[in-house]
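Reading through the structure tokens given below for one structure.
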Amino acid sequence: MENIDILLVEDNMEDAGLTTRALKKHHLANNILHVQDGEEALQFLFGASSHLPKLILLDVKMPKVDGIEVLRQIKSDANLKVIPVVMLTSSKEERDVIESYRLGVNAYIVKPVEFDHFVKAVADLGFFWILLNEPLPKPRNRNLP
């Protein structure tokens, strides 16, 4: 599998499509992998792939395995915890925000309702995390020092 810039974990197909289009429109990510639930995300991340994403955009409310549990497992794993995770969600529930930060989320963004604001928010996220942020250099093997 080719290198993945962004792993988008989103069960709402309309939101996933808008997010993908916004990122591509602004030339921020050519390699986006969209999965529809937390279970698929964990299978990809904990699979044999050595091509881990540069960024994970994660929804909170999803079927099978929710975003909080996905975040918990990512931040509990030595190889995965260095990947920036941004909650991109409709949930403004205080307990979701608090638990996400407690578990080590890098940012918590509530999806704007207006289309133009949504596109701008996604473009700004992509610009920062893909272009401006200096990622951790890739180790020669998957075990970090």
For the residue pair Leu58 and Gly67, what are the closest heavy atoms and their distance?
CD2-O, 3.4 Å
Taking side-chain hydrogen bond (donor to acceptor under 3.5 Å, both in side chains) as the definition, give me every residue that meets it alongside Lys81, ordered by chain and number, with sequence neighbours left out.
none
Pick from Ile6, Asp5, Leu7: which one makes a side-chain contact (heavy atoms from CB on, under 4.5 Å) with Asn31?
Asp5
Identify, with sequence neighbours excluded, every residue that meets side-chain hydrogen bond (donor to acceptor under 3.5 Å, both in side chains) alongside Lys61.
Asp96
Can we say Asp124 and Lys120 salt-bridge, meaning some charged N sits less than 4.0 Å from an Asp/Glu carboxylate O?
yes
Quick one: list whatever passes side-chain hydrogen bond (donor to acceptor under 3.5 Å, both in side chains) with Glu39, sequence neighbours left out.
none
Between CG of Leu57 and CG of Asp15, what distance do you get to the nearest 0.5 Å?
12.0 Å
Going by the rule side-chain hydrogen bond (donor to acceptor under 3.5 Å, both in side chains), which residues pair with Asp66 if we only count those two or more places apart in sequence or in a different chain?
none
Linking I/L/V/M/F/W/Y whenever any side-chain heavy atoms sit under 4.5 Å apart, do Leu33 and Phe46 land together?
yes
Rounded to the nearest 0.5 angstrom, the CG-CE distance for Leu18 and Met13 is 11.5 Å
So Asp59 and Ser90, do their side chains get closer than 4.5 Å, heavy atoms only?
no
Taking the side chain as every heavy atom from C-beta outward, state whether Tyr108 and Val86 have any atom pair closer than 4.5 Å.
no
Using modelled atom types only, decide if a donor and an acceptor are shared between the side chain of Glu10 and the backbone of Asn12 within a distance under 3.5 Å.
yes
Distance-only side-chain donor-acceptor flag, Glu40 / Gln36, under 3.5 Å:
no
What about Ile32 and Ile109, same hydrophobic cluster or not, with Ile/Leu/Val/Met/Phe/Trp/Tyr joined at side-chain heavy-atom distances under 4.5 Å?
yes
Donor-acceptor pair, His34 side chain versus Ala16 backbone, under 3.5 Å?
no
Results of side-chain contact (heavy atoms from CB on, under 4.5 Å) for Val105 - residues two or more places apart only:
Leu71, Val85, Met87, Ser100, Tyr101
Rounded to the nearest 0.5 angstrom, the NZ-OG1 distance for Lys111 and Thr89 is 5.5 Å
Flag side-chain contact, heavy atom, 4.5 Å: Arg21 against Lys24
no
For Ile83 against Asn106, the heavy-atom pair lying closest together:
O-OD1, 4.0 Å
Do Leu88 and Thr19 have side chains that approach each other closer than 4.5 Å (heavy atoms only, starting at C-beta)?
yes
Ile68 and Val60, any side-chain heavy atoms less than 4.5 Å apart:
yes
How long is the span from the CD atom in Gln73 to the CG atom in Leu45, to the nearest 0.5 Å?
10.0 Å
Considering only heavy atoms from C-beta outward, does the side chain of Ile56 approach that of Val9 to under 4.5 Å?
yes
Kindly write out the residues that satisfy salt bridge (charged side-chain N to carboxylate O under 4.0 Å, His left out) with Arg102, not counting sequence neighbours, or none if the list is empty.
Glu99
Below 4.5 Å, heavy atoms only, C-beta onward: do Ser91 and Val110 meet side chain to side chain?
no
